[in-house]
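I have placed the structure first, in the form of structure tokens, so that the comments after it can refer back to it.
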Amino acid sequence: MPELPEVETIAQELQILLQGKKIQAVEILRESIVRSPLTEFQAALVGRKISKVKRRAKFLIFSLEDKKHPNPLLFLVVHLRMTGQFAFQTQPHLSPSQPFSALVYPQKMVPKNQRILFDFGKETLIYYDQRALGQMAIFTPAHFQLLEKKWGVEPLGKEFTCKRLQNIIHKRKISLKTLLLDQKAIAGIGNIYASEILFAAGLHPKRIASSLNAKEAEGLHFSLLKILKMAIAEKGTTFRDYKRTRQQTGNFQNFLKVYGRAGKTCFTCKDLVQKIKQNQRSTFFCPQCQPMSV
DNA sequence: AGTAGGACCTGGTGGC
DNA sequence: TGCCACCAGGTCCTAC
């Protein structure tokens with residue numbers, strides 16, 4: 001579900017909701033999501049203040065501070081995968097005598113898919129994840145640096161110039177669609193925005209990356225930034241599961257030109273939008289607006 | 001270097 | 001209504 005614009009939206013909202021708040025308790029309802037040793041995970045979170053929430057690639061990075069601790073700064077790193085969601089609510093807290101979830105939902109009406117609960121005293125942050133593929137772990141600043149090195153260039157960073165994109169594509173003999181999904185090349189683009197970016201650029205998804213000329217690369221760079229920025233301005237795309245921190249949806253689904261529109265007429269040329277499989281994943285494109293030959 | 005297939009998980013949908 | 005196959009916004013691993 002969540003790609004760069006969705007994760008960016010969630011990070012911005014969590015930053016406002018959580019900054020300066022101290023975690024009182026954590027309840028883990030699905031252990032497989034936590035990739036650190038469970039006791040270490042609990043110990044790292046409880047009693048720490050969240051000083052910042054930001055996005056990098058498709059990850060949410062929570063800065064956790066405790067000035068008196070030998071490790072004054074730790075990071076909680078979260079990947080939502082397909083169906084991860086954070087919901088913030090002004091509801092009660094954990095009591096040592098009762099399970100957290102029983103307090104929040106008195107009749108044992110624990111909503112489905114609740115996986116991890118973060119207690120802030122008077123407020124609660126709930127991590128939902130239907131498919132439970134999401135992951136979270138604690139990192140020291142040193143380990144976090146190592147992790148960050150594995151990620152591709154940040155498309156919204158100032159280092160992502162047209163020249164940089166040309167360097168990335170010129171040696172890759174894979175399709176443009178596959179390249180856009182390669183997180184080690186460019187970080188943050190997922191299946192929806194890959195199709196939308198290529199439509200905006202007028203490039204066929206099966207074009208080999210290295211075959212682009214300078215003008216086409218420039219167009220791809222421009223379209224990539226345009227689509228991602230528009231999607232962030234619209235708070236992301238709610239196609240099926242994506243919800244924001246107060247359960248609001250995004251709005252960019254109203255601007256999709258090809259994704260999910262197989263068999264429908266292209267808004268630009270009236271040809272029919274096609275759906276194909278690339279690397280076992282759906283790609284949508286307009287054959288007229290995105291010709292294979294230049 | 002690139003790709004196919006399976007794994008991780010759950011639930012919605014459409015066909016019979 | 002029931003069962004089944006297939007689909008899903010992500011990523012990692014192994015085998016060719």
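Each chain gets a letter, A, B and so on, in the order its sequence line appears, and its residues count up from 1.
- Using a 4.0 Å heavy-atom distance criterion, A:Leu133 is classed as a base contact.
- For the pair A:Ser282 and C:dA8, the criterion of a side-chain N or O lying under 4.0 Å from OP1 or OP2 is met.
- The partner of B:dC9 cannot be assigned: no Watson-Crick or G-U wobble pair with both contacts below 3.5 Å exists in any strand.
- One finds a side-chain N or O of A:Lys58 lying less than 4.0 angstrom from the OP1 or OP2 phosphate oxygen of C:dG10.
- Atoms CG (A:Asn191) and P (C:dT11) sit 10 Å apart, rounded to a whole Å.
- To the nearest 0.5 Å, atoms OG1 (A:Thr283) and NZ (A:Lys277) are separated by 8.5 Å.
- Phosphate proximity of B:dG2 to A:Arg172: present, with a side-chain N or O under 4.0 Å from OP1 or OP2.
- Exactly one residue among A:Phe86, A:Tyr127, A:Phe139, A:Phe118 makes a ring pair (Phe, Tyr, Trp, His ring centres under 6.0 Å) with A:Phe62. That residue is A:Phe86.
- Comparing C:dT11, B:dG2, C:dG10 by their nearest atom to the side chain of A:Lys173 picks out B:dG2.
- Between A:Arg81 and the phosphate of B:dC9, there is no side-chain N or O to OP1/OP2 separation shorter than 4.0 Å.
- As judged by a 4.0 angstrom heavy-atom cut-off over every strand, A:Asn113 is placed among residues touching the sugar-phosphate backbone only.
- Across all strands, A:Tyr193 comes closer than 4.0 Å to no nucleic acid atom at all (heavy-atom distances).
- Here the shortest heavy-atom pairing between A:Leu73 and A:Pro141 reads O-CD, 3.3 Å.
- Residue A:Ile174 has its side chain nearest to B:dT3 when only B:dT3, C:dG10, B:dT10 are considered.
- Taking side-chain N and O atoms only, A:Lys277 has a distance below 4.0 Å to OP1 or OP2 of C:dA8.
- A close approach under 4.0 Å does occur between a side-chain nitrogen or oxygen of A:Arg30 and OP1 or OP2 of B:dT10.
- Counting only heavy atoms from C-beta on, A:Lys112 has its side chain closest to B:dG11 among B:dA4, B:dG11, B:dC9.
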